[in-house]
Amino acid sequence: MEKNAAAMEKTYAPQDIEQRIYEAWESSGAFVAKRVPGRKPFTIVMPPPNITGQLHMGHAMDGVLQDSLTRYHRMKGDPTLWLPGTDHASIATEVKVVEKLAAEGKKKEDIGREEFLKHAWAWKREYGGRITRQLRRMGASCDWSRERFTMDDRYYAAVREVFVRMYEKGLIYRGNRIINWCPVCRTALSDAEVEYEEQASSLWHIRYPAADGGEGVVVATTRPETMLGDTGVAVNPEDERYTRLVGKKVILPLAGREIPVVADSYVDMTFGTGAVKMTPAHDPNDFEVAKRTGLEVLCVTNLDGTMNEKAGARYQGLTEAECRRLVVKDLEEQGYLVKIEPYTHNVGTCYRCHSTVDPLVSLQWFVKMEPLAGPALDAVRGGDTRFIPDRFSKIYYNWMENIRDWCISRQLWWGHRIPAWYCESCGEMIVSREAPDICPSCRSERLHQEEDVLDTWFSSALWPFATLGWPENTEDLRYFYPTSTLVTGYDIIFFWVARMIFSGLEHMGQTPFDTVLIHGLVRDAQGRKMSKSAGNGIDPLEIIDSYGADALRFSLCQGISPGADTRYSTERVEAARNFANKVWNAARFVLMNLEGEEKLEGKRLGLADKWILSRAQIAAREIGEHFDNCEHGLAAAKIYDFAWGEFCDWYIELAKADLFGEDAERKRAVRAVLQHVLETLLKLLHPFMPFLTEEVYHFLPGREEESCMLSAWPEYDESLFFEQEDRQMQGVMDIIRAVRNLRADLKVQPGHRARLLLRAQPGWEETLRGAETHFLRLASASEVEYLNEGNAPEGKLVSAVTGAAELFIPLGELVDLDKEIKRLQKEYDNLTGEIARAQGKLANPGFLSKAPEALVNQERQKLSDNLAMQKTLSQRLSDLRG
RNA sequence: GGGAUUAUAGCUCAGUUGGCUAGAGUACCACGUUGACAUCGUGGGGGUCACUGGUUCGAGCCCAGUUAAUCCCACCA
C-alpha cells in the first residue's frame with residue numbers, strides 16, 4: 001500500500017531512510033542471484049577489498065560503478081549476480097598484526113607461527129566485516145549469501161588444487177633465482193611488487209689492480225658495498241681497451257681475492273669506464289652474465305639486510321648503509337677509490353613499506369609464465385575480453401609480452417601455506433593436495449611442510465571461478481562463469497586483472513570476463529592522489545553522513561569518463577545533493593496532486609503531455625545505451641538533464657495550469673502523465689540513487705511492483721514517442737524563452753503581466769493557439785492575441801522573432817525605441833551571419849553530394865527558417881525606423 | 001630509453017563512430033517569498049576548443065609536428 005505524500009518532508013533527509021531501506025532490501029532476499037536456465041546472466045565479481053581496509057574513495061568509485069550496472073541489469077530482468085568478498089591480503093595484514101603485537105611488546109618470532117596465526121584470525125574476525133558493512137552503507141546490492149573470503153576452507157582447497165595441478169604440469173617450479181628481497185618485510189617480492197623511485201646518489205669509481213701487477217681496470221658502481229660479493233669483472237668483447245685483460249685476473253680490493261675478467265656483450269662500452277664489476281648474487285644482470293660466463297655466485301648479505309660472514313670479518317654484521325661507509329673509507333685510504341660522481345638513478349622499493357629492496361639469489365617458488373602468457377594475449381587480441389577504454393589493452397600487451405617468471409613464495413605466515421612437504425630423512429619433496437603421512441620414497445614419517453606462503457595475488461587470481469565453487473563443477477560455476485564485466489582501477493591491471501585472465505584460461509579454459517571497465521583514480525580537489533600519509537583522504541562515510549549515499553554516488557558518476565581520473569570536491573557532492581532534493585520535491589509535488597492511480601490509457605493527451613512522454617522515451621533509450629557502453633558519466637548527465645531540465649523546469653510548470661484548472665478531463669490526463677513520467681524517472685535514476693528512488697517509489701499509487709529495485713527498466717516505447725509534438729513543443733518553448741528574455745531585458749516587474757501578441761510563422765498557427773495556457777502561465781501573459789499576416793500592431797511594443805512566431809509585447813512607458821531598434825538590429829546581424837554560413841554550406845557542391853541527406857535537409861530547413869525570421873525582423877525594423 | 005594520457009568558459013569537467021551557431025555543474029552579475037523545492041526560479045556576462053601545418057564538402061573530434069603537465073613501463077653498472 002502506498003504511503004501518503006503528506007508524510008514527505010519538505011527537504012529530502014537521507015539519514016532517516018537509508019538504513020531502513022537497505023535492511024528491507026537485504027532481508028527480502030532481493031540481492032540473491034537466481035539462476036534461470038536459458039537466460040544469459042549478468043555477473044560481476046567484486047574486487048575483494050583487503051580485510052585490513054577501510055572504505056576509501058577508490059572503493060566508493062569501484063562500488064558505485066558496479067552497483068549501478070548491477071541494478072540496471074537486474075531491472076532489465078537479467079539474472080544478475082554481484083558477488084562480494086574480501087581478501088586476506090597476506091603481507092598487508094601480516095604487517096598490521098605485527099604492529100599490533102609490537103604494541104603489546106610481543107614479536108612474532110617469539111610467539112611462533114601457530115600463535116601468530118591465532119592473532120591474525122582474531123584480527124580477521126574483528127575487522128574483516130568492517131569494509132562489507134561500509135559497502136552496505138553505499139547501497140551496494142551484492143549477493144551477500146555468496147560472500148567469499150580468500151582464506152575460507154573451500155577457497156583454500158581451490159588454491160591447493162591450482163598449485164598442485166600447475167606443479168604437475170611443470171608450470172610451477174622451485175629454484176635458486178635472483179629475486180627482490182624486502183629487508184623490512186623480510187620476504188621475497190614479485191617484480192610487480194617493486195616500485196622504482198628516482199634517487200640522488202653517487203657513482204663510485206674503483207680501481208681493481210691486475211693480478212700480475214698491472215694497472216688493472218676501473219669499474220663504476222652505485223652500490224660499493226656489494227663489491228665484497230664480486231666474483232668477476234665484465235667488459236664488452238668488442239672493447240679494444242680491455243681485450244688484453246680478458247681471461248686474466250684482477251685483485252678485488254679489500255677482499256684481496258683474485259677474480260677473472262670476462263667478456264660479455266651485455267656491457268655497454270660507452271657507459272662509465274666500460275668495465276663492470278660482477279656481483280651475481282645481488283644484481284639480476286650480473287646474475288645472467290654469471291650464468292653465461294660461469295662466474296661464481298657469492299651472497300654476502302643476510303636476509304635482514306646485514307652483511308654476512310662471506311663479506312669478511314671486518315664487515316660482517318654491519319647494515320648495508322654502514323658497510324657502504326666503511327667500504328668507501330677503506331677504499332679511499334688504500335688508494336683504490338678513483339673518483340665519486342653525483343648520479344641519479346632508479347632504486348627499487350617495496351610497494352608495501354617503501355624501503356629499498358635488495359636483489360638477491362635465494363630458493364623460491366616460481367610460476368613459469370611463458371606458456372600462460374600466449375593464451376592470455378590471444379584472449380584480448382581476439383576480443384574475448386575487451387578493455388574499456390581500449391588503450392589499456394596496449395598496457396596489458398606490453399606487460400604480458402615482456403613478462404618474466406613470477407615469484408610466488410613469500411616468507412610470511414599469514415596466507416596460503418605452500419602445499420609442499422620435505423622428507424627429513426631423504427630430502428624428497430612432496431607436492432600434494434593433502435598432507436602426506438609418509439615419504440613415498442623412503443617411507444619415513446618425518447616430514448615437514450614448506451614454511452613459505454603464497455603471494456596474495458596468487459589466490460586472488462582465481463577469484464572469478466574459485467568464488468563460484470571451483471574445482472567442484474557447481475551449478476553456479478557452470479551458470480555464472482565467465483562473468484560479464486570486471487570493474488577496477490588501472491593500478492591493479494598487472495597485479496590482478498592480467499593474472500585472473502591467464503588463470504581463468506588455464507584452469508577454466510575460458511577468459512574470466514567479457515569486459516574490463518577501467519576507471520580512474522579519485523583525487524583530491526587539487527588533483528593530488530589521496531593517501532593516508534598525505535592526510536588528504538576524504539572519508540566516504542563522512543560524506544554519506546552529511547549528504548547521503550545517493551549524493552555521493554551521483555557525484556562520483558557525474559562527469560566521469562572511463563579510465564580518466566576525477567577530482568573529488570565538496571561542490572560536486574553538494575550539486576548532487578541538490579539534485580536529489582530536486583527530484584524529491586518534484587515527486588512530492590506530483591504525489592500531492594494525484595488522487596489515486598491514474599492510468600495513461602484512454603486519456604486525451606495535449607501537446608506538453610506528448611512532449612514529455614517523448615522526452616522520457618529518448619532518455620530511457622539513451623541511458624540504456626550508455627549503461628551498455630559502461631558510460632556512467634553520460635548516463636548520469638542524461639538523467640540529470642531529463643529530470644531537472646525537462647521534467648521539473650518545463651513539464652511540471654506547464655502541468656500546473658491544468659492541474660489547478662477547471663477541466664476535469666484534462667486534470668485526469670495530466671495526473672496520468674505526471675504519474676507515468678515520475679515512475680519512469682525514478683526507474684531511470686534508480687541505478688544511481690537507489691535510496692531516494694526506492695523511498696519515493698513507495699509513495700506511488702498503482703506502482704507496478706513492490707520495489708523500485710525490482711521494477712522493470714523502462715525500454716523505449718515507440719507508441720509514447722510523438723515526433724511532431726516533440727518539435728512543436730520546442731517552438732512553443734522558444735517563444736516563452738523569447739518573452740522572458742524581453743521582459744528581463746526591460747526589467748519588467750515579475751508581477752506585471754502583459755498582453756502577448758503573436759503572429760505565427762507559416763504552419764504554426766494551430767499549435768500556438770493550442771498552447772495558449774502555456775503562454776499565460778510561463779510567459780507572464782495576461783492574454784494572448786493572435787495576429788494575421790497583414791495587421792501590424794500599434795503602439796509602444798517590444799518584439800522578437802523565433803522560428804515559430806513573431807511576438808510583440810505592449811509595454812508602454814517601459815519601451816525605449818532606440819534600445820529596441822538596437823536589440824533587433826543585433827539579432828538581425830546574428831541571423832545574417834548564420835544565413836551566410838548556411839548558404840555557403842549549401843552552395844558547396846561537395847557538401848551537397850557527400851553529406852548525409854538528412855543533414856542537408858536539416859541545413860535547408862534551418863536556412864529557410866532563418867530567412868523567414870530575417871525577413872520578419874527587417875520588416876519590423878523598417879516599421880520602427882518609420 | 002620506450003609508451004600512454006591530458007591540454008575546451010574563473011574553477012571542475014562532458015562532448016560516444018568528424019556535421020557545433022561548442023555544453024553542464026560551480027563561481028559571478030541582475031531580478032524574484034507566482035500554491036514541490038532558496039539544497040529554488042528567471043535572465044545574463046564569460047571560450048580564435050594549447051600551438052603550427054595537413055586530410056576533408058566540413059575538424060574540439062582524424063593525421064603529422066611543437067609546447068606543457070601527468071602517469072606507466074624498462075636490467076645500463
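So that the names make sense, note that chain A is the first sequence line, chain B the second, and so on, each numbered from 1.
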- prompt: Are any non-hydrogen side-chain atoms of A:Leu685 and A:Phe554 less than 4.5 angstrom apart?
  reply: yes

- prompt: Does the side chain of A:Arg177 come within less than 4.5 Å of A:Val361's, by heavy atoms?
  reply: no

Shortest side-chain distance from [X], nucleotide among [options]:
| X | options | result |
| --- | --- | --- |
| A:Lys582 | B:G43, B:A36, B:A77 | B:A36 |
| A:Ala744 | B:G43, B:A36, B:A77 | B:G43 |
| A:Asn866 | B:U21, B:A36, B:C75 | B:U21 |
| A:Asn578 | B:C73, B:A77, B:C40 | B:C40 |

- request: Rounded to the nearest angstrom, tell me the gap between atom CD in A:Glu198 and atom P in B:C72.
  value: 13 Å

task: In whole angstrom, give the distance that lies between atom CZ of A:Phe271 and atom P of B:C75.
output: 16 Å

So which atom in [X] and which in [Y] form the shortest heavy-atom distance, rounded to 0.1 Å?
| X | Y | answer |
| --- | --- | --- |
| A:Val327 | A:Glu225 | CG2-CA, 4.3 Å |
| A:Gly645 | A:Trp650 | O-CD1, 3.2 Å |
| A:Val194 | A:Gly348 | CG1-CA, 3.6 Å |

- prompt: Distance between the C1' atoms of B:G47 and B:C13, in whole angstroms?
  reply: 14 Å

query: Has A:Asn741 got a side-chain N or O lying under 4.0 Å from the OP1 or OP2 atom of B:G44?
result: yes

query: Under 4.0 Å between a side-chain N/O of A:Tyr12 and OP1 or OP2 of B:A36, yes or no?
result: no

Check this for me, if you would: do [X] and [Y] make a salt bridge, where the nitrogen-to-carboxylate-oxygen distance has to be below 4.0 angstrom?
| X | Y | answer |
| --- | --- | --- |
| A:Glu859 | A:Arg837 | yes |
| A:Arg671 | A:Glu595 | yes |
| A:Arg292 | A:Asp264 | yes |

task: Taking Watson-Crick and G-U wobble pairs with both distances under 3.5 Å, convert RNA chain B into its dot-bracket string, 5' to 3', dots for unpaired and | for cross-strand pairs.
output: (((((((..((((.....[...)))).(((((.......))))).....(((((..]....))))))))))))....

message: Quick check: A:Tyr490 with A:Tyr396 (ring centres under 6.0 Å apart)?
response: no

message: Strictly under 4.0 angstrom, non-hydrogen atoms only: write out the protein contact profile of nucleotides 1-18 of chain B, one letter per nucleotide from the 5' end, B, S or -.
response: ---SS------SSSSB--

Identify whether any heavy atom of [X] sits under 4.0 Å from a base atom; if not, whether one sits that close to sugar-phosphate; answer base, sugar-phosphate or nothing.
| X | value |
| --- | --- |
| A:Met278 | nothing |
| A:Tyr547 | nothing |
| A:Phe647 | nothing |
| A:Arg588 | sugar-phosphate |
| A:Val267 | base |
| A:Trp644 | sugar-phosphate |
| A:Asp745 | nothing |
| A:Gly274 | base |

Nucleotide N/O to protein N/O under 3.5 Å, stretch nucleotides 54-57 of chain B:
from  : atom 1 : to       : atom 2 : distance (Å)
B:C57 : OP1    : A:Lys850 : NZ     : 2.0
B:C57 : O2'    : A:Asn844 : ND2    : 2.3

- request: Go through the structure and list residues passing side chain to side chain contact (heavy atoms under 4.5 Å, CB included) with A:Lys850, not counting sequence neighbours.
  value: none

field: Candidate pair A:Phe627 and A:Phe688, rule ring-ring contact (aromatic ring centres under 6.0 Å, His included), full reasoning
entry: CA-CA 11 Å; A:Phe627 272 126; A:Phe688 296 113; 5.3 Å; yes

Are there any protein N/O atoms within less than 3.5 Å of an N/O atom in nucleotides 27-35 of chain B, and if so, which ones and at what distance?
none

field: Residue list, ring pair (Phe, Tyr, Trp, His ring centres under 6.0 Å) with A:Trp406, at least two apart or on another chain
entry: A:Phe458

field: Donor + acceptor pair across side chains of A:Asn398, A:Asn402 (<3.5 Å)
entry: yes

message: Please evaluate residues A:Phe287 and A:Leu295 with respect to the criterion side-chain contact (heavy atoms from CB on, under 4.5 Å), reporting the C-alpha separation (whole Å), side-chain torsions for both, the decisive distance (0.1 Å), and the verdict.
response: CA-CA 9 Å; A:Phe287 185 77; A:Leu295 292 177; over 6 Å; no

task: Validate the cation-pi geometry between A:Lys656 and A:Phe589: distance from NZ or CZ to the six-membered ring centre under 6.0 Å, angle to the ring axis within 45°.
output: yes

- prompt: If you take atom types as modelled and just measure distance, does the side chain of A:Arg740 reach the base of B:U42 with a donor-acceptor pair under 3.5 Å?
  reply: no

